[in-house]
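Worksheet for the structure shown next.
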2 protein chains.
Amino acid sequence: MRQKAVRSTIKEVASVAGVSTQTVSRVINDRPDVSPETRKRIQNVIDKLGYQPSALARSLIRQRSHTVGVVTAGLKYIGPSRTLSGIALAAEEAGYSLLLKELPRFDTNDVAPIFQALLSRHVDGIIWAVPEIGENRKWVNNLPFDVGVPIVYLTMNPQENIPVVSIDNYAGGKMAVSHLLEQGYRNIGHISGPVDWWEARQRMMAWKDTLKDSGFEVGDNQWAEGNWSSASGIQAVEKLFEQYPEMDSIFVANDQMALSVLKAVTKKGLRIPDDIGIVGFDNMPESAYFRPPLTTIQQDQYNVARVAVEEMIKIIEADWQGLDRITPKSIMSPPTLVVRQSSLRLAITSSLPN
Amino acid sequence: MRQKAVRSTIKEVASVAGVSTQTVSRVINDRPDVSPETRKRIQNVIDKLGYQPSALARSLIRQRSHTVGVVTAGLKYIGPSRTLSGIALAAEEAGYSLLLKELPRFDTNDVAPIFQALLSRHVDGIIWAVPEIGENRKWVNNLPFDVGVPIVYLTMNPQENIPVVSIDNYAGGKMAVSHLLEQGYRNIGHISGPVDWWEARQRMMAWKDTLKDSGFEVGDNQWAEGNWSSASGIQAVEKLFEQYPEMDSIFVANDQMALSVLKAVTKKGLRIPDDIGIVGFDNMPESAYFRPPLTTIQQDQYNVARVAVEEMIKIIEADWQGLDRITPKSIMSPPTLVVRQSSLRLAITSSLPN
DNA sequence: CTGAAAGCGCTAACAC
DNA sequence: GTGTTAGCGCTTTCAG
């Protein structure tokens, strides 16, 4: 037989306690104007029945669900999942539930159904945590319908009047290349991520700008494109060695590619960091155990996620309290440089962990 | 000023179309008994207004939310996030939304608030995707309240009358050790995960049993405990070298620890796989690019997640259609062995990718 | 074929 | 202090 859901209702509590539903409502909402005895009696009934108010019914009547929608993609990769984790923890702390949608592909452009699914469940806000790739932001400024709730974007190019929170990839790239320059490297190549990714372009631009600012020429023979995967790192580095033989160091746009670059370079008989210096990006937990340990740029996805949630909630609260809508701002969070052996040509390496 | 949510309601559609809400309801639910003209007229109004039925209101009245709650932990690790990804994609396909809760710690025992939060939002079922650790399953057979919806557990020890879906860690461990035996290794050590993890114990037990079944003695000097992290792998392997000097190979309980083991072994001047064979567990994307490439056990978390979602939905549907409740069963999905250089002592290595 | 009435579980506004 | 009425947005009877 069908086993009906066994939630008890406010009506049941009321009838058992011999009061009106209204009074029960006052108790569960901690409102005054209930006599201590009544309150106690009702509380007892609530405990006995294991009564729990329905968040659904409340959402309906209060026009507020305390739920935020999170849209993500590529959860099997470490970046997106760390970000999601940060969002989940921060939202929970703030008392919000999370409705999760994972896009099956990064470059989904058909976003209307996603929004509609979220809105039909009355989310109070949306965090768009899909990286900006190719044309997948075309819709930002002209959705075919009024979303009606705030949207905070992660990892995208800042725009006027749109709240964006992101790691400052450009700053990270500058840190990486400046560090190589300081270590005395002069012919710094670059292996980029897929150039239709905004993050990849930022890191590459930083590489170019930093070199140019230091008076170096930058030619197209000095970089190669990867696709973030270790496999693509090998191909890219081989290409680079061919087209840029003077190269004495490489800024690689992520650690996964850097892993296979370390391997390919070593296999070629070159020593790291003496002959070739390598800097990655991400600081994945394993990077410290590569051979040699990888210098890299650390992204604090947790913090970015937390900030995004806080921004979102600020906007929700402001709307709800009838205040002026907060002027959307972009927040770029600077990453940090983690120096390890793969780029340390000048320092005394024996003092470093290896 | 407060910007009210702008969703239009069935009432508005009805009044604009000049019909009752009931008729609109029939149209949006694709029911017969509406004249073609009326249907068309209403559909037009719906399109014009961008009307979307409220899933919340529907959930209330239908006593069915088409939402499942997912409880996870450690999303920043690759395993849990791959699993979540599989769940998200499978649930989406099946037309279910996901309400996500991430436990701040793996060993949370205070699960009542989690369930209550989920139930107050009327989830139709719950997928408990937190690994079994220490006492964190104590509550399974005596929750202080009736959950009332089906729960499917991932990654836990099978129990009577409880639906569990998991990778068969024991089978994976057997594959790993058998492979080492086939390659002619005879003194096989083990670096385990934290032994309060069920998965870690399964892998270790498989190691022990396989050796014993092949007529080898197994002493406590032949294994060491890690905590899944690369850092712990180093400590464990150093301990092993001390207490088990004859060791000629190691089954390491995950790839992250195996990474640092490869490094420590090499640093000691031993050759892999000639002097020491190594097998890991997980097949993380990077494992193929370790030095040497790592033989490992591949878990298909995607498939496990998909199966869990399917089981969950089967139970929900059965309940809902008033059928007998499905007898809960445990499903153990076998992993696969991925052979790479780190364990290949007998084969001609030149034929393998490196 | 279409509409009216009732109600899912809850709360806001008003009585008493 | 407490109860009554109305209604959030929708669907399920049941009339007509």
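None of these values were measured; they are calculated from a predicted model. Below, chain A is the first sequence line, B the second, and so on; all start at residue 1.
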Rounding to a whole Å, what distance do you find between B/Arg62:CZ and C/dC8:C1'?
12 Å
Do the side-chain N or O atoms of A/Arg26 get closer than 4.0 angstrom to the phosphate oxygens (OP1, OP2) of D/dG1?
no
OP1 or OP2 of C/dG3 less than 4.0 angstrom from a side-chain nitrogen or oxygen of B/Ser20, does that happen here?
yes
When you measure from the side-chain N and O atoms of A/Thr21 to the phosphate of C/dC10, is any distance below 4.0 Å, counting only OP1 and OP2?
no
5′-ward residue of the pair A/Ile10/B/Pro36 relative to DNA chain C:
B/Pro36
Interatomic distance, A/His122 NE2 vs D/dG9 P [rounded to whole Å]:
7 Å
Can you check whether B/Lys11 has a side-chain N or O nearer than 4.0 Å to OP1 or OP2 of D/dC8?
yes
Any A/Arg31 side-chain nitrogen or oxygen under 4.0 Å from OP1 or OP2 of C/dA12:
yes
Look up atom CZ in B/Arg41 and atom OG1 in B/Thr23, then write down how far apart they are to the nearest 0.5 Å.
9.0 Å
Ignoring backbone atoms, establish whether B/Gln63 has a side-chain N or O less than 4.0 Å from OP1 or OP2 of C/dG9.
yes
A/Ile61 CD1 to C/dT11 C1', straight-line distance once rounded to whole Å:
4 Å
In whole Å, I'd like the distance from the CZ atom of A/Arg64 to the C1' atom of C/dC10.
17 Å
Interatomic distance where NE2 belongs to A/His66 and C1' belongs to C/dT11 [whole Å]
14 Å
Between C/dC1 and B/Thr38, is there an OP1 or OP2 to side-chain N/O distance shorter than 4.0 Å?
no
Kindly compute the distance separating OH (B/Tyr96) from CG (B/Leu98), expressed to the nearest 0.5 Å.
12.0 Å
Over all strands shown, is A/Glu12 touching base, sugar-phosphate only, or nothing at heavy-atom distances under 4.0 angstrom?
nothing
Working to the nearest 0.5 angstrom, can you tell me the gap between A/Trp128 CH2 and A/Asn136 CG?
8.5 Å
State whether A/Thr9 places a side-chain N or O below 4.0 Å from either non-bridging phosphate oxygen (OP1 or OP2) of C/dC8.
no
Taking A/Ser65 for the side chain and A/His122 for the main chain, is one N or O donor matched with an acceptor at less than 3.5 Å?
yes
For A/Gln22 and B/Gln22, find the nucleotide of DNA chain D closest to each by heavy atoms; which residue's nucleotide sits nearer the 5' end?
A/Gln22
Specify the separation, in whole Å, of atom CG of B/Leu119 and atom C1' of C/dG9.
15 Å
Has B/Ser25 got a side-chain N or O lying under 4.0 Å from the OP1 or OP2 atom of D/dT11?
yes
Ignoring the backbone of B/Val34, work out which of D/dG1, C/dT2, D/dT11 is nearest its side chain.
C/dT2
Check the pair B/Leu100 / A/Leu84 against side chain to side chain contact (heavy atoms under 4.5 Å, CB included), numbers first and verdict last.
CA-CA 10 Å; B/Leu100 176 68; A/Leu84 176 60; 4.1 Å; yes
Please report the distance, rounded to the nearest Å, between CZ in B/Arg58 and P in D/dC8.
18 Å
NZ of B/Lys40 versus P of C/dC1: gap in Å, rounded?
16 Å
Separation between CZ of B/Arg306 and CD of B/Glu93, rounded to the nearest 0.5 Å:
4.5 Å
Check every atom of D/dC10, C/dC10, C/dC1 against the side chain of B/Asp33 and return the nucleotide holding the closest atom.
C/dC1
Could you check whether A/Ile28 gets within reach of a base, just the sugar-phosphate, or nothing at all, counting any heavy atom under 4.0 Å?
sugar-phosphate
Where each residue is assigned the nucleotide of DNA chain C containing its nearest heavy atom, which of A/Leu60 and B/Pro32 is assigned the position nearer the 5′ end?
B/Pro32
